[in-house]
2 protein chains.
Amino acid sequence: MADPKYNVIFQILRHRIEQGEYKFLSLLPSENALALEFSCTRNTVRKALALLAGQGHILTMQGRGVQVIYRRRPVPSRPPSTFLLGGIESLKEAADRNGFSLSTRMLSLEESYVDRELAKRSGMAVGEVVLRLRRLRLLNDVPLILDENVFLKSIVPSLNKTIVESSIYAHLEHELGVTVGSATRTVTVEPATEDDVELLHLGGLGCIVAVTSSTFDTNGLLFEYTVSRHSPIGFEFNTTARRLPASI
Amino acid sequence: MADPKYNVIFQILRHRIEQGEYKFLSLLPSENALALEFSCTRNTVRKALALLAGQGHILTMQGRGVQVIYRRRPVPSRPPSTFLLGGIESLKEAADRNGFSLSTRMLSLEESYVDRELAKRSGMAVGEVVLRLRRLRLLNDVPLILDENVFLKSIVPSLNKTIVESSIYAHLEHELGVTVGSATRTVTVEPATEDDVELLHLGGLGCIVAVTSSTFDTNGLLFEYTVSRHSPIGFEFNTTARRLPASI
DNA sequence: CAGTGGTCTAGACCACGGA
DNA sequence: CCGTGGTCTAGACCACTGA
């Protein structure tokens, strides 16, 4: 099964919602009707609906129906977030999807070890051999993000300028066969350092947004720890919250 | 069914993980074993596991098992986020849970209408009658958040200083019978205004974190629009991302 | 009352991983 | 090969909404 049925249904329904076929505040066809249309059981439809709810596209109401709560957003002035929709998407993918040009400049690349301090922050074991990488990322030629990546050398044995300035994630996925399983992220705001001021376009603001991220591959190995220092200019992070038991 | 079985299982498993009974990087019992333990089917266990995965506590690996990826976090210096875990939690609840004192000072409260500009931002209809409210919120007596709430008057007919300075959400839920269905939030960073500088403890930083939020009740009515201006001092926002199809 | 979404069971088949 | 998680079906019963 290349693409699960619930995922196909999810894509179709999302498309209908985003194209306005199902309008803001209107009700979707009932679960039974959708099950009939897609020749599947209610359970399968419900999984597709759960995905839509997770994106903040719909709201299910017991006894009444499923309401569309998606509103078209104004076109963003830069990719709204590296991490849209609770999913996992690389910055390059996000830029492509929104029609922005992304370029990357490698600042440094070196082999190193995990010390106690990094171990505490990242969750990696003390003494692990890692590659440390610093990159400057420009959106539409404006330097907006300073990335500091740490990769486990056992997973990512080597990197070079070419890989690092195109897309590391494409390299990981296609060349190394690494796929991301889960990532936990923390967003904080910090005073800009001299490096930040020198390298990033901060628009006069003396702070940056730090997105710190620990990433597990699908084998359950914590292989990446990254701190992305974002210029606050145009930074946007979107998320949807809902009452807990509705997320099934 | 007061509390669904999958939710009970979820709570139990989460407790075991957070107490270290199931350790970081170890495997959970198999789904079949858990189904046996809790006298239910695999499907029900899987719903509980989906909730744990949604919190970044576990990572499921096909053919291998379910790995614990939860790490104990250092005690935060203030409640890490109003909106932990993709769920919905009021600031008061978050403060209580983390043992922080929260106090609130009402700055203004007035009746108003939704104009075109607010309609565009919030998604409310032009001309709706609303209550507009400004509050200063202090954590451990430090003024850290400036809240600007807009409530639909048809849902929240009246407010007063007492309600507004204790917990609006408790009032909504217990007195008015309003429950939250879904909320979409956007996090941005903005230059501090004069008001911000005067009212908030900014620690010398010239910016604030704006968390903008549109909230639907369980009847599918967009009844609240809020902009919370947070001091960047200690601001922290946590989230978990995972490959999409795993969220079922 | 009929129709909606919410929960749960029983059982099937598949894809993947490791011994 | 067996055990793991991933998908899906068929059908049941419940809780809630609105006519």
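All values below were derived from every heavy atom in this structure, side-chain atoms included, with hydrogens, water molecules and symmetry-related copies excluded. Labels below follow one simple rule: chain letters A, B, ... track the order of the sequence lines, proteins then strands, and each chain is numbered from 1.
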N or O in side chain of [X] less than 4.0 angstrom from [N] OP1/OP2:
X       : N      : answer
B:Arg64 : C:dC16 : no
A:Arg46 : C:dG6  : yes
B:Lys5  : C:dT9  : yes
A:Thr44 : D:dT9  : yes
A:Tyr6  : D:dT7  : yes

What I'd like to find out is whether the side chain of [X] reaches to under 4.5 Å of the side chain of [Y], using heavy atoms alone.
X        : Y        : result
A:Leu221 : A:Ile155 : yes
B:Tyr169 : B:Glu224 : yes
B:Ile69  : A:Ser182 : yes

Nearest whole angstrom, please: distance from the [atom2] of [N] to the [atom1] of [X].
X        : N      : atom1 : atom2 : value
A:Leu59  : C:dG5  : CG    : C1'   : 12 Å
B:Lys47  : D:dG5  : NZ    : C1'   : 17 Å
B:Asp3   : C:dC8  : CG    : C1'   : 15 Å
A:Phe10  : D:dG6  : CZ    : P     : 18 Å
A:Asp217 : C:dC16 : CG    : P     : 16 Å
A:Gln62  : C:dG3  : CD    : C1'   : 12 Å
A:Gln67  : C:dG5  : CD    : C1'   : 14 Å

Got a donor-acceptor pair under 3.5 Å from the side chain of A:Arg42 to the base of C:dG6?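 Per atom types, the contact qualifies.
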Could you say whether B:Leu49 or B:Asn219 is positioned toward the 5' end of DNA chain D, judged by the nucleotide with the nearest heavy atom to each? B:Leu49
Listed once per pair and sorted, the salt bridge (charged side-chain N to carboxylate O under 4.0 Å, His left out) pairs that draw on residues 27-38 of chain B, sequence neighbours left out: B:Arg16-B:Glu37, B:Glu31-B:Arg42, B:Glu31-B:Arg46
Report the distance from atom OG1 of B:Thr212 to atom OH of B:Tyr225, rounding to the nearest 0.5 Å.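 If I round to the nearest 0.5 Å, the distance is 5.0 Å.
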Would you compute the distance between atom CD1 of B:Ile58 and atom CG of B:Leu13 and round it to the nearest 0.5 angstrom?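 Here the rounded value is 8.0 Å.
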Side chain of A:Asn43 (C-beta onward), nearest among D:dA10, C:dA12, C:dT7: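 The answer is D:dA10.
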Contact check, residues 21-41 of chain A vs DNA chain C, heavy-atom distance under 4.0 Å, returns A:Ser30, A:Glu31
Could you pull out all residues at least two apart from A:Asp217 that satisfy side chain to side chain donor-acceptor pair (under 3.5 Å)?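 Testing A:Asp217 for side chain to side chain donor-acceptor pair (under 3.5 Å), a comparison that skips the adjacent residues, returns none.
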